*Asks:* 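The structure follows.
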Amino acid sequence: KDSILLRKYSKRINSLKLITNQAPDFPNISITNLSEIPKVAHISWKRKDILNKGYKLIDKGVSNLCSLNPEWDVIIYDDEDVNKTLRDCLGASNWACIKNKTMTAKTDLWRLIKTYQDGGLYTDIDRYIDTPISEILTPETKMVIPTYLDVDFSQDFILTFPSNPIIGRAIESNLRF
């Protein structure tokens, strides 16, 4: 189903021009045209030193991600990094709408923007990881997301190629609310 959706959207979407045929107001996102999923994981937490704290929840999550996927770059972003990315990418009018929202709300949008712009993996720091990513990827894989009854997707794990039009639509929807 995802590949059918992707093909459908790919035919109708050109760069940042989404299904509405209007370019959304996040003009500063640089786009690459890669169709492979880059081997980089984006993690957000208030502080970058979270891996050194010895929390069991973190050990089963992002620490396992690192040990099971040594060929992947794992980057921890802090709240300042999240705000900077949003400020730099969204344009003044969208930043003005979200700058006073909670960090959780900002991170929800940031993870979409980060995976849209750079591709790779976003996972919550406490998401249980017990499988190497290479075991779920094939050369044809373009996106992996958990879904609920194929109606809604969860944002706690997003694995995608850069400029994925489905993620672009999710950004646009997020900015509308």
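Keep in mind that the numbers below use all heavy atoms, side chains included, and drop hydrogens, waters and symmetry copies. For reference, positions follow the sequence shown, starting with 1. Being a predicted model, the structure only gives us computed values, none of them experimental.
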*Asks:* If you compare all heavy atoms of R47 against all heavy atoms of I76, which two are closest, and at what distance to 0.1 Å?
*Replies:*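 Nearest pair, atom of R47 first, then I76: O-CG2, 4.1 Å.
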*Asks:* From M103 CE over to D108 CG, what is the distance, rounded to the nearest 0.5 angstrom?
*Replies:*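 Rounded to the nearest 0.5 Å, the CE-CG separation comes out at 10.5 Å.
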*Asks:* Hey, what do you get for CG (N164) to NZ (K142), rounding to the nearest 0.5 Å?
*Replies:*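 NZ of K142 is found 10.5 Å from CG of N164.
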*Asks:* Would you please test L121 and F157 for side-chain contact (heavy atoms from CB on, under 4.5 Å) and show each step?
*Replies:* CA-CA 7 Å; L121 170 67; F157 185 97; 3.5 Å; yes
*Asks:* If you measure from CG on D79 to OG on S44, what distance do you get to the nearest 0.5 Å?
*Replies:*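 Reported value, rounded in 0.5 Å steps: 6.0 Å.
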*Asks:* Would you say T107's side chain and W110's backbone share a donor-acceptor pair under 3.5 angstrom?
*Replies:*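 No, T107 side chain to W110 backbone: no donor-acceptor pair under 3.5 Å.
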*Asks:* Would you give the length of the straight line joining atom CD1 of I145 to atom OH of Y122, rounded to the nearest 0.5 angstrom?
*Replies:*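 Here the rounded value is 14.5 Å.
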*Asks:* List the steps and the verdict of side-chain contact (heavy atoms from CB on, under 4.5 Å) for T141 and L159.
*Replies:* CA-CA 9 Å; T141 304; L159 182 61; 5.6 Å; no
*Asks:* Donor-acceptor pair, D81 side chain versus D78 backbone, under 3.5 Å?
*Replies:*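 Indeed, once roles are kept as given, a pair shorter than 3.5 Å links the two residues.
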*Asks:* Could you go through I43 and I50, starting from their C-alpha distance and side-chain angles, then the distance that decides it, and tell me whether this counts as side-chain contact (heavy atoms from CB on, under 4.5 Å)?
*Replies:* CA-CA 10 Å; I43 311 292; I50 191 65; 5.8 Å; no
*Asks:* Could you tell me which non-hydrogen atom of G120 sits nearest to which non-hydrogen atom of I37, and how far apart they are?
*Replies:*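 Answer, listing the atom of G120 first, then I37: CA-CG2, 4.0 Å.
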*Asks:* Distance check, rounded to the nearest 0.5 Å: C97 atom SG versus R176 atom CZ?
*Replies:*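 Between atom SG of C97 and atom CZ of R176 there are 13.5 Å.
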*Asks:* Is any side-chain N of the basic residue among E80 and K84 closer than 4.0 Å to the acidic one's carboxylate O?
*Replies:*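 Not counted as a salt bridge, because no side-chain N and carboxylate O are separated by less than 4.0 Å.
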*Asks:* Do N83 and K106 get their side chains close enough for a donor-acceptor pair, meaning under 3.5 Å?
*Replies:*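 Indeed, the side chains of N83 and K106 share at least one donor-acceptor pair under 3.5 Å.
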*Asks:* Grab the two heavy atoms, one from G119 and one from V40, that are nearest each other, plus how far apart they are.
*Replies:*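 Distance-wise, the nearest heavy atoms are O-CG1, 3.9 Å.
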*Asks:* Using the side chain to side chain contact (heavy atoms under 4.5 Å, CB included) definition, which of the options N94, N174, T85 pairs with L109?
*Replies:*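 Result for side chain to side chain contact (heavy atoms under 4.5 Å, CB included) with L109: N174.
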*Asks:* Can you check side-chain contact (heavy atoms from CB on, under 4.5 Å) on L112 and I158, steps first, answer last?
*Replies:* CA-CA 8 Å; L112 293 169; I158 302 169; 4.0 Å; yes
*Asks:* Please name the pair of heavy atoms, one in P146 and one in R127, separated by the smallest distance, quoted to 0.1 Å.
*Replies:*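 Looking at all heavy atoms of both residues, the shortest contact is CG-NH2, 3.4 Å.
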*Asks:* Flag the pair V74 / N69 as yes when at least one side-chain heavy-atom distance between them is below 4.5 Å, and no otherwise.
*Replies:*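 V74 vs N69: side chains apart.
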*Asks:* Do I133 and Y128 belong together in a cluster built from hydrophobic side chains that touch within less than 4.5 Å?
*Replies:*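 Each belongs to a different hydrophobic cluster.
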*Asks:* May I ask you to decide if D124's main-chain N or O and D156's side chain share a donor-acceptor pair within less than 3.5 Å?
*Replies:*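 The answer is no, because no donor-acceptor pair under 3.5 Å joins these two groups.
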*Asks:* Which pair of non-hydrogen atoms, one from W72 and one from K39, has the smallest distance, and what is that distance?
*Replies:*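 Here W72 and K39 meet closest at CE3-C, 3.3 Å.
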*Asks:* Do you know which two heavy atoms are closest between P38 and F161, and how far apart they sit?
*Replies:*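 What the structure gives for the nearest pair is CD-CA, 4.5 Å.
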*Asks:* Could you work out, with side chain to side chain donor-acceptor pair (under 3.5 Å) as the rule, every residue matching E71, not counting sequence neighbours?
*Replies:*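 E71: no side chain to side chain donor-acceptor pair (under 3.5 Å) contacts found.
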